[in-house]
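One structure below.
Throughout, protein chains are lettered first and strands after them, A, B, ... in sequence-line order, and every chain is numbered starting at 1. Quick note: numbers below take in every heavy atom, side chains included, and nothing from hydrogens, waters or symmetry partners.
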2 protein chains.
Amino acid sequence: MTTSTEENYLKSIYHLSVGHPNPVLTSEIADSLTTSSASVTDMLKKLSEKNLIEYERYKGVRITRKGERVALSIIRRHRLWEVFLTDVLKFRWDEVHEMAEELEHVSSDELVSRLDAFLGYPKVDPHGDPIPDTNGKLFPSGSLSLAEAQTAQKYQVSGVSDHSAGFLQFLQKKGLMPGVLFSVKEIDEFDKSMYLLFEDNSGTFISHEIAKNILMKLYVNS
Amino acid sequence: MTTSTEENYLKSIYHLSVGHPNPVLTSEIADSLTTSSASVTDMLKKLSEKNLIEYERYKGVRITRKGERVALSIIRRHRLWEVFLTDVLKFRWDEVHEMAEELEHVSSDELVSRLDAFLGYPKVDPHGDPIPDTNGKLFPSGSLSLAEAQTAQKYQVSGVSDHSAGFLQFLQKKGLMPGVLFSVKEIDEFDKSMYLLFEDNSGTFISHEIAKNILMKLYVNS
DNA sequence: ATAATATTTTAGAGTAATCTAAATTAATTA
DNA sequence: TAATTAATTTAGATTACTCTAAAATATTAT
Ligand SMILES: [Mn+2]
Ligand SMILES: [Mn+2]
Ligand SMILES: [Mn+2]
Ligand SMILES: [Mn+2]
């Protein structure tokens with residue numbers, strides 16, 4: 001039905017769409033897939049023909065419900081495989097993306113659903129991104145940026161908005177992985193840098209630029 | 001380096017080669033991959049160019065050491081994924097082949113080696129076929145056909161030579177899976193059909209045609 | 001509003017894999 | 001040995017995806 005290439009395009013278009021009401025531009029897709037605009041135009045015609053996107057030349061592209069369903073199913077597979085790679089095969093969170101990029105195209109639905117069950121129906125992937133359910137429903141995590149954190153509050157790291165291997169390795173080193181509890185001891189009023197305090201009373205210093213790419217939630221004792 | 005298609009061709013050529021000293025014929029490859037002879041000829045030229053096979057037109061094809069190494073690495077991946085699918089995700093042995101056929105092309109070597117470790121370094125796949133090691137070494141199982149079984153001997157099912165889903169389901173029903181112990185109660189002198197006796201004193205009847213496609217080993221108490 | 005610039009599309013071509021039909025070569029039969 | 005049959009290869013097309021360069025359209029600046 002859909003080729004791996006079509007799936008990658010749909011995923012890219014979906015990710016570029018979410019939270020942006022305007023149509024996605026040809027050049028944005030080309031950038032995100034590191035391919036030429038000419039190739040993108042060809043593919044847009046093909047996806048449009050299959051009613052997976054709405055495409056008007058020179059006007060950009062909007063994903064349809066049908067296209068979104070395909071995109072979410074690939075995203076589900078991608079994130080479930082990432083959980084498998086970290087939790088079961090013990091890969092680091094900065095190593096799993098490339099492998100999941102291949103595994104997500106393995107076509108069996110039954111395989112995905114058994115994998116989901118084996119992993120214990122995880123809600124988020126190793127980067128804190130939510131895993132769509134079988135019906136393509138995605139529950140928003142309600143996270144906010146660490147840059148918005150206040151002192152005298154307890155927070156929990158819930159994800160990242162920069163997924164690059166370098167950034168992930170940096171956070172690993174700092175101990176800022178999803179799940180980790182912390183409070184903000186001090187915020188510098190000039191450059192907005194922060195000193196974070198962990199549960200064990202150790203701490204770490206992070207710049208505002210870094211903080212912007214870390215997601216967190218207010219932590220409430222259960 | 002090698003595309004999925006090239007890998008499938010090499011695997012097919014390898015399987016058709018093993019135990020047959022004569023070169024593999026174009027038509028045999030076409031049959032085994034259900035493709036046209038014209039397509040096979042094209043691919044043979046390409047694989048020959050890459051020194052993965054030795055090809056002389058009209059004379060058939062022989063796999064090189066280099067080609068064999070690639071084939072064995074794909075076979076290793078295929079069989080390890082099959083173990084994962086049966087042992088971990090609890091698929092039946094007749095369901096796993098098609099999925100493994102896709103998973104075997106996922107390229108990460110580190111993934112394969114972690115999977116191997118997670119599975120406990122299995123020696124054989126769910127169908128009793130041996131799993132090549134990292135260096136592409138394949139230890140022959142030393143199995144023989146159930147058709148050669150004698151009465152008053154204790155045997156263990158060790159594999160199959162027919163891998164079709166129908167045959168596997170049939171054996172499942174009969175309780176003749178790899179690992180099962182049995183002895184032969186009776187062999188009909190006219191049609192060579194057999195009555196097999198299991199450990200729990202239950203038994204089953206099988207024709208000579210079926211027996212030929214079941215592999216076994218003499219069982220010695222440890 | 002016109003010109004300059006940026007973006008997008010089209011044109012034309014290439015690679016990988018596939019097919020059918022025709023031509024070639026090999027094997028079998030008479 | 002010659003004719004017939006079978007197997008294999010070549011020729012010519014097709015589909016999916018990609019590229020560069022040129023043409024078309026849209027946006028921005030003067
Ligand atoms: Mn992908
Ligand atoms: Mn992820
Ligand atoms: Mn395969
Ligand atoms: Mn197998």
Atom [atom1] of [X] to atom [atom2] of [N]: distance rounded to whole Å?
| X | N | atom1 | atom2 | result |
| --- | --- | --- | --- | --- |
| E28(B) | dA7(D) | CD | C1' | 12 Å |
| L25(B) | dT25(C) | CG | P | 19 Å |
| E49(A) | dT15(D) | CD | P | 14 Å |
| D42(B) | dA21(C) | CG | P | 17 Å |
| M43(A) | dC19(D) | CE | P | 11 Å |
| L44(A) | dT7(C) | CG | P | 16 Å |
| I29(A) | dT7(C) | CD1 | P | 15 Å |

Is the closest side-chain donor-acceptor distance between S32(A) and S12(A) under 3.5 Å?
yes
For the residue pair H163(B) and D94(B), confirm or rule out a side-chain donor-acceptor distance under 3.5 Å.
no
Taking the six-membered ring for Trp, are F118(A) and F84(B) parallel (under 30°), tilted (30 to 60°) or perpendicular (over 60°)?
perpendicular
Between atom CD1 of I53(A) and atom CG of L44(A), what is the distance when rounded to the nearest 0.5 Å?
4.5 Å
Supply the atom-to-atom distance E54(A) CD to L47(A) CG, rounded to the nearest 0.5 angstrom.
13.0 Å
Reckon K45(B) has a side-chain N or O less than 4.0 Å from the OP1 or OP2 of dT9(D)?
no
So, is S36(B) close to the dC19(C) phosphate, meaning a side-chain N or O under 4.0 Å from OP1 or OP2?
yes
Under a 4.0 Å heavy-atom cut-off, which of residues 1-18 of chain A touch DNA chain C?
none
Per the under-4.0 Å heavy-atom filter, residues of residues 51-60 of chain B near DNA chain D come out as Y55(B), R57(B), Y58(B)
Give the nucleotide from the list dT7(C), dC19(C), dT8(D) with an atom nearest to the side chain of S27(A).
dT7(C)
Can a salt bridge be assigned to the pair R79(A) and E82(A) using a cut-off of 4.0 Å between side-chain N and carboxylate O?
no
Close side-chain approach of Q156(A) to V180(A), heavy-atom, < 4.5 Å:
no
By nearest heavy atom, map S39(A) and T26(B) onto DNA chain D; which one lands nearer the 5' end?
T26(B)
